[in-house]
Amino acid sequence: MTGNAVFKAIVDEAEVYKYYSDGEWRKSSSGKSVPIINPTTRKPQYKVQACTQEEVNQVMEAATSAQKSWAKTPLWKRAELLHKAAAILKEHKAPIADFLVKEIAKPAKDAVTEVVRSGDLISYTAEEGVRILGEGKFLVSDSFPGNERSKYCLTSKIPLGVVLAIPPFNYPVNLAVSKIAPALIAGNALVLKPPTQGAVAALHMVHSFHLAGFPKGLISCITGKGSEIGDFLTMHPLVKCISFTGGDTGAAISKKAGMIPLQMELGGKDACIVLEDADLDLVAANIIKGGFSYSGQRCTAVKVVLVMVSVADALVEKVNTKVEKLTVGPPEEDCDITPVVSESSANFIEGLVVDAKQKGATFCQEYKREGNLIWPLLLDHVRPDMRIAWEEPFGPVLPVIRINSVEEGIHHCNASNFGLQGCVFTRDINKAIMISDAMETGTVQINSAPARGPDHFPFQGLKDSGIGSQGITNSINMMTKIKSTVINLPSPSYTMG
Ligand code: G3P
């Protein structure tokens, strides 16, 4: 089941995956485990340890102590270890990708891409960290009114302590390393709480850091039930920063967390605004890629199309032609549309579809569901009174709203509580820039679907979509604090001879 001999250490005799604490793979004293349900078979596939609050305490204490010497480890050595972990991770891309296929039904090729992209992210972070953490600022006092040149101020970036990373199920490896690597290069310790679906892939990714030889206790991975350890982790006094990606839980965490920096990405209702002069073939291709890849389970998925009524028929026809060609089935066969992550998720999506049906949306395809597998569906003539106009399905179901003016499209986009990304399609760059300025979202893509990557680009949401900004440089900066040392020079009467 481990898929590779190097991973044998991380599973116990009862096939329960161990958690990682103080440099060792351990069984929880709870004697309990949490099952991971394969979204395709809907049967238990793996089990992980149900850790206790006491085990959280032990992890936090080990992390706090390990961080102190890690902060004194030369930057180039920290970078060297990260490069090593990246290489080990990429070397084991096949077995780790296989876990992503089984745990979260990620299509096989996308699963490999996620692991490779994660290795690249770690290496890039090591390089970027060496550059930006290797620099500080030097200020002189007489640049401020009323001051003589009697003080020199030196600033540098120092770590925060223990960073808690909580990634979501849809990118359990990539969105974990996007938090782990910046935290470590900046001299922090890192505690990872992976999502239950995706935990086994995440544990194997953590094993790459173990094999790379990071100091004991510096990186840990704790698994278990949110009800038992969730609040305990996020409110733990030894946690000095939280980086979270996910849903509504993020808002609850931000209310309960202490006076510590928070980095949050909490979803979006990413709008795709299509103008009359748009290249409709390009739009259709991007709607398919943006709306249906990984069955719509991406925060950056296109989640509503706002198209000018004069080109709506032509666009819908082009999109429908492409929807028909999407393959539907198991992730092992690398199908385009695979089962959504859980039964409750499939039920939620179905609820949005039923609501749209009752309120008169046009179904471009027949609605079809088998277990967690939902066939791709384009809903035309959606109106603002339908839930799907506002809520994110996180599934392969995409609403189209026909608009009579660009202003109407911008208004719909800005009326959403979310503000993650958006996109606009037009051949007129001036209009595109003006629309981008008017859209209340963290990023606007011109003539392409929303996307987080490349992973060094800034990535942030406005309104309920998040706090702070991600992307490699921003994450490193966010996980540090500025420290100043001021050299006070003697009075002008001081003689050097
Ligand atoms: O769903 C989270 C978001 O980070 C997706 O990333 O790169 O697929 O746009 P990406």
Side-chain angles (χ1 to χ4, degrees), residues 97 100 103-107 109-122 124-125 165-182 194-195 197-198 201-202 243-250 263-272 285-304 331 336-338 340-342 345 349 391-396 398 418-423 441-446 448-462 464-472 474-475 478:
L100 292 173
E103 287 186 276
I104 59 167
K106 185 160 275 198
K109 276 193 196 140
D110 291 352
V112 174
T113 303
E114 176 171 347
V115 183
V116 173
R117 169 184 179 181
S118 301
D120 292 339
L121 191 160
I122 297 169
Y124 190 102
T125 307
I166 310 180
F169 83 83
N170 58 350
Y171 289 84
V173 174
N174 183 260
L175 281 170
V177 302
S178 75
K179 304 171 192 311
I180 295 170
Q197 300 292 139
S243 178
F244 174 91
T245 307
D248 298 341
T249 322
Q263 184 183 49
M264 301 240 159
E265 196 260 283
L266 311 177
K269 184 71 183 171
D270 301 9
C272 171
N286 274 277
I287 286 176
I288 293 294
K289 179 175 76 145
F292 295 101
S293 58
Y294 189 34
S295 306
Q297 297 174 109
R298 295 163 56 243
C299 315
T300 48
V302 170
K303 300 215 177 90
V304 58
D336 299 313
I337 304 296
T338 56
V340 295
V341 71
S342 64
S345 177
I349 297 163
E391 296 179 41
E392 51 171 351
F394 237 65
L398 182 59
F418 288 121
L420 188 62
Q421 290 211 2
C423 59
T441 60
T443 302
V444 175
Q445 305 267 352
I446 296 173
S448 188
R452 175 168 49 100
D455 289 336
H456 66 312
F457 279 11
F459 178 52
Q460 55 282 314
L462 306 184
D464 290 353
S465 286
I467 302 174
S469 180
Q470 300 174 67
I472 290 170
N474 288 339
S475 293
M478 181 265 172

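Read the numbers this way: they start at 1 and go in the same order the structure lists the ligands and their atoms.
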Number the atoms of ligand 1 from 1 as they appear, then name those within less than 4.0 Å of a heavy atom of G453, with their elements. 7 (O)
Pull out every atom of ligand 1 sitting under 4.0 Å from any heavy atom of N170, numbered as shown with elements. 1 (O), 2 (C)
Has the side chain of Q421 got a donor or acceptor atom that lies under 3.5 Å from a matching backbone atom of T443? no
Ligand 1 contacted by E114 (non-hydrogen, < 4.0 Å): no
Using distance alone, determine whether Q297 and ligand 1 share an N or O pair under 3.5 Å. no
To check your reading of the model: name the closest protein heavy atom to atom 6 (O) of ligand 1, its residue, and the distance in Å. R452 NE, 3.1 Å
Quick check: does any side chain N or O of Q297 sit under 3.5 Å from a backbone N or O of V340, one acting as donor and the other as acceptor? no
Ranked by distance from atom 2 (C) of ligand 1, the top protein heavy atom is C299 SG, 2.9 Å
Which of the atoms in ligand 1, numbered in the order shown and given with their element, are less than 4.0 Å from a heavy-atom of R117? 7 (O)
Quick one: CG on L420 to OG1 on T441, what's the gap to the nearest 0.5 Å? 8.0 Å
Say whether P450, considering both its backbone and side-chain N or O atoms, lies within less than 3.5 Å of an N or O atom on ligand 1. no
Going by salt bridge (charged side-chain N to carboxylate O under 4.0 Å, His left out), name the residues that satisfy it together with R452, two or more places apart in sequence or in a different chain. D455
Rounded to the nearest 0.5 Å, what separation is found between the CG atom of N170 and the CG atom of L175? 6.5 Å
How close does the nearest protein non-hydrogen atom get to atom 9 (O) of ligand 1, and which residue and atom is it? T300 OG1, 2.5 Å
Is Y171 touching ligand 1 with its side chain, its backbone, both, or neither, if touching means heavy atoms under 4.0 Å apart? side chain
Does the pair Q263 and S243 meet the rule for a side-chain hydrogen bond (donor to acceptor under 3.5 Å, both in side chains), with working shown? CA-CA 5 Å; Q263 184 183 49; S243 178; 2.7 Å; yes
Parallel, tilted or perpendicular for Y124 and H456, by the 30°/60° rule? tilted
